[in-house]
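Please read the structure below before turning to the comments.
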2 protein chains.
Amino acid sequence: MDEVFKALADASRRALLDRLHARNGQTLSDLCDGLDMTRQAVTKHLAILEAANLVATIRHGREKLHYLNPVPIHQIGERWIKKFERDKLAALSDLKRRLESRDA
Amino acid sequence: MDEVFKALADASRRALLDRLHARNGQTLSDLCDGLDMTRQAVTKHLAILEAANLVATIRHGREKLHYLNPVPIHQIGERWIKKFERDKLAALSDLKRRLESRDA
DNA sequence: ATAATAGGCAACTAAATGGTTGCATGTCAA
DNA sequence: TTGACATGCAACCATTTAGTTGCCTATTAT
C-alpha cells in the first residue's frame, strides 16, 4: 500500500497512468513520446509503477508493452478513501462549527 | 491535487490522519503521544497536511487544535479513483488476456 | 550481414525530504 | 510573578529522489 501511495505521489507517474488509461498496452517509446524527459527517466518511473503493481509489462520481441493494473488504485479507494468518506458530513459540520467558534 | 498526493505519500502523515479520524480536534502534544518522532518532526508533517488542506487548525489559548478536512480525500476519490474504476473490469480482462498470450 | 530500432545498465548530480538539536515565545496556574 | 507547559523557529544532517549522460545488448528490416 505504501508503495502505491509513493508511486502516485509523482505527477509524471500519474501522467503515465493517465496515458495508459487512455490507451493501454503502449511501448516504452510510445510513452516517452511528447514528454519532456529522457527515455531513461521514463523507464525509472515505469519501474516504480511496476514495483507498486500499478503497471504490468510483457516483452514482445524487442518491444515492451505496458498495461495498466487498476487493482491497487481500487484498493486505495476501498481501504482508504471510503473510510474517510463515511463520516465526511459529520466531520465537516464539526469542523465548521469549531472554526466558527474561534472567537467565542 | 498534487500537494494532496504528496501529503498522502508518507506513512507517518497517513497515520496522523488516521489518528484525527479516530479522534478529531487533537492538540499537537496529543498527536505526538506515543509516536517515535520528535515534536518538531510531527509539526512539520502537520504543516504539510495543513498546506494540502487535509487538516485545519485553530489556536485555543496556548493549544493548537487539529481538525481533519475530508474534502481533498473525497476529491481524489471523485476525480481520480473513479476514473480508473469505470473500466476496471475491461482493463483487467484485457490485461489478463495479454499476459496469457505471452507465449503465443 | 549490417544498420537502425527498442530497450537496459550504471554512475553521477542536484534538489527535496524527513529527521534532528537548540533555543525562543506565548500562555496558564500556583 | 514565576515556573511549567504548549508551541514556534532556524540551522543543520543524511538519505532518497528525479533526473541526467554515456555506453551496451538484443531484435528487426533491408
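Sequence lines set the chain letters: A, B, ... in the order given, protein chains first and strands last, and positions in each chain run from 1. For the numbers below, each heavy atom of this structure counts, side chains included, while hydrogens, waters and symmetry mates do not.
Residues Leu8(A) and Ile76(A) form a side-chain contact, since some pair of their non-hydrogen atoms from C-beta on lies under 4.5 Å apart. Residues Val71(B) and Asn53(B) have side chains not in contact (no heavy-atom distance under 4.5 Å, counting atoms from C-beta outward). Residues Leu54(B) and Val4(B) form a side-chain contact, since some pair of their non-hydrogen atoms from C-beta on lies under 4.5 Å apart. Using a 4.5 Å heavy-atom cutoff, the side chains of Leu17(A) and Val55(A) are in contact. Residues Phe84(B) and Asn69(A) form no side-chain contact, since every pair of their non-hydrogen atoms from C-beta on lies 4.5 Å or further apart. Under the 4.5 Å side-chain criterion, counting only non-hydrogen atoms from C-beta, Leu65(A) is in contact with Thr27(A). In this structure the side chain of Gln26(B) never reaches within 4.5 angstrom of the side chain of Asp33(B), judged on heavy atoms.
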Below 3.5 Å is the cut-off: list the nitrogen or oxygen pairs between protein and nucleotides 25-27 of chain C, distance only.
residue, atom, partner, partner atom, Å
dT27(C), O2, Arg62(B), NH1, 3.4

Please enumerate all protein N or O atoms sitting under 3.5 Å from an N or O of nucleotides 18-24 of chain C, with distances to 0.1 Å.
residue, atom, partner, partner atom, Å
dG18(C), OP1, Asp10(B), OD2, 3.3
dG18(C), OP1, Arg13(B), NH2, 3.3
dG18(C), OP2, Arg13(B), NH1, 3.2
dG19(C), OP2, His45(B), NE2, 2.2
dG19(C), N7, Lys44(B), NZ, 3.1
dG19(C), O6, Lys44(B), NZ, 2.2
dT20(C), OP2, Thr38(B), N, 3.0
dT20(C), OP2, Thr38(B), OG1, 2.5
dG22(C), O6, Gln40(B), NE2, 3.1

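Between Asn24(A) and Leu68(A), the shortest heavy-atom contact is OD1-N, 2.9 Å.
Distance, Leu46(A) CG to dA6(C) P: 16 Å, rounded to whole Å.
A salt bridge is defined here as a Lys NZ or Arg NE, NH1 or NH2 lying under 4.0 Å from an Asp or Glu carboxylate O, and Asp2(A) with Arg14(B) meets this definition. No salt bridge links Arg19(A) with Asp30(A); every basic N to acidic carboxylate O contact stays at or beyond 4.0 Å.
Bounding nucleotides for the chain A contact on DNA chain D, 5' to 3', at a heavy-atom distance below 4.0 Å, are dA18(D) to dT28(D).
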